[in-house]
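To keep things clear, I will list the structure first and then write my remarks on it.
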Amino acid sequence: VVTPGKGLWHCLGACGEGGTVVDWVMRTEGVSFRHAVELLREGLPSLAAAPSNRPVKTSTVPKLPCPLDEKASDAELLGQVVGYYHETLLASPEAREYLERRGIADEEAIRRFRVGYANRTLGLRLPERNRQLGAELRGRLQEIGILRPSGHEHLAGSVTIPVCDERGRVTELYGRKLNDNLRKGTAYHLYLPGPHRGVWNLAALRDSRELILCESLIDAVTFWVHGFHNVTTAYGTNGFTEEMMQALAAYGAERVLIAYDRDAAGDAAA
C-alpha cells in the first residue's frame, strides 16, 4: 500500500515492513541510508533499467558514478578528490551553513581556494574491494591519505582546503570538522598523514613584501575573506616548516605579522 500524500508505503504481505521512499530504496537496492539518499539525489541512475523482481539484500555493484580516473597519477588522483569535495560543498546546505557561521561564506574565496566538504559519500562511488579495480583504487587512496585502513575517509565530516603549488597541483589537504560537539579527544583540525608539503596562497608571497602568518588554514581564509589577501599559514602551532621559511626568503618577504591564536600554545609558537 502506497500513500502518496504522506510519501509512505507499507507491505501487507509476509515481510510486514514499511517506511519512506528512502527505506524503499534501501530495501530494494540493498544499500545503506546514506547511499539511498545519494541515489535519490541523483535520480536513481541504477534504476534506469528494468528493476529486478527480487530485492537485493546487500548490493556489491556500484550504483553511483565514480568521480575518479583509475588511470590518473597519484597527484592527479588527489586533485580529483579535491574537485569532488569542492562540488560536494557547493551542493551542501550544512557545509554552507558552517561557512556562514564562521563568516567566510564568500563565493570568490570558496572557488579560488577550492574549499570542499568531505561528507562521507566518496566511498559510495568507488568500486567495492571485492573487485580488482576497487581494491587497487582504494589502496592508492589509502596510500595518499584520503582513506584510512578501515576504508573510511580520513577527513570525513570536515570542510576541506587544499594547498597547491605554483602549477596548481595539490600538495596537502586540510580538514576542519563541521561539528563542535564531537566525542572527547576528537581532532577538529586534520591534515593528510605524513610530512606537510607546500605553502598556502603563494600569490601572497609573490605580490607582497609584508605577510600575515596564521596558525591554520581556516584562520587564513578568514583573513582573506575580510580583505587581507597578503596572508599565508602554518600547519598548527608546531607546523611552521623549513619549506615555508625558504619560500619567504625566496620571494623576498621583509616583514611577517604572526597571527596565531591568543593562548599559551599560540604565544609560545609565535
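In what follows, residues are counted from 1 in the order of the sequence shown.
- The two atoms that bring V163 and G198 nearest to each other are CG1-C, 3.8 Å, heavy atoms only.
- Annotation for V170 and C164: closest pair CG2-SG, 4.1 Å, computed over non-hydrogen atoms.
- When side chains are defined from C-beta on, H86 counts as touching I110, because their heavy atoms get closer than 4.5 Å.
- Between Q80 and E76, the side chains place no donor N or O within less than 3.5 Å of an acceptor N or O (distance only, hydrogens not considered).
- A continuous path of ILVMFWY side-chain contacts below 4.5 Å connects I218 to I212, so both sit in one hydrophobic cluster.
- T232 contributes a side-chain N or O that, together with a main-chain N or O of W200, makes up a donor-acceptor pair within less than 3.5 Å.
- Ring planes of Y191 and Y174: tilted class, angle from 30 to 60°.
- With hydrophobic clusters built from ILVMFWY side chains whose heavy atoms lie under 4.5 angstrom apart, Y85 does not share a cluster with I161.
- More than 12 heavy atoms of other residues, nucleotides or ligands sit less than 6.0 Å from atom CD of E107.
- How far CG of L133 is from CD of E128: 11.5 Å, rounded to the nearest 0.5 Å.
- The aromatic rings of F113 and W224 sit perpendicular, their planes meeting at an angle over 60°, well past the 30° parallel limit.
- For the side chain to side chain contact (heavy atoms under 4.5 Å, CB included) with R148, the lone residue among H154, E153, Q142 that qualifies is H154.
- Under a hydrophobic clustering in which Ile, Leu, Val, Met, Phe, Trp and Tyr are joined whenever their side-chain heavy atoms come within less than 4.5 Å, directly or via other members, L248 and V231 fall into the same cluster.
- The minimum heavy-atom distance between D219 and E215, with the atom names listed, is OD2-CB, 4.2 Å.
- By the rule that hydrophobic residues join a cluster once side-chain heavy atoms approach within less than 4.5 Å of another member, L137 and L192 end up as members of one cluster.
- Pairing each heavy atom of A72 with each of L77, the nearest pair is CB-N, 4.1 Å.
- Looking at heavy atoms from C-beta onward, Y260 lies in side-chain contact with L213 at the 4.5 angstrom threshold.
- Taking every heavy atom of both residues into account, N230 and E210 meet most closely at ND2-O, 2.9 Å.
- Note that the CG atom of L205 and the CG atom of L211 stand 5.0 Å from one another [nearest 0.5 Å].
- Heavy atoms of other residues, nucleotides or ligands lying less than 6.0 angstrom from NE2 of H10 number more than 12.
- Here E254 pairs with nothing under the salt bridge (charged side-chain N to carboxylate O under 4.0 Å, His left out) rule; sequence neighbours left out.
- Residues S158 and K177 share a closest heavy-atom pair of OG-CD, 3.5 Å.
- In the hydrophobic cluster analysis, where Ile, Leu, Val, Met, Phe, Trp and Tyr join through side-chain heavy atoms closer than 4.5 angstrom, L99 is grouped apart from V82.
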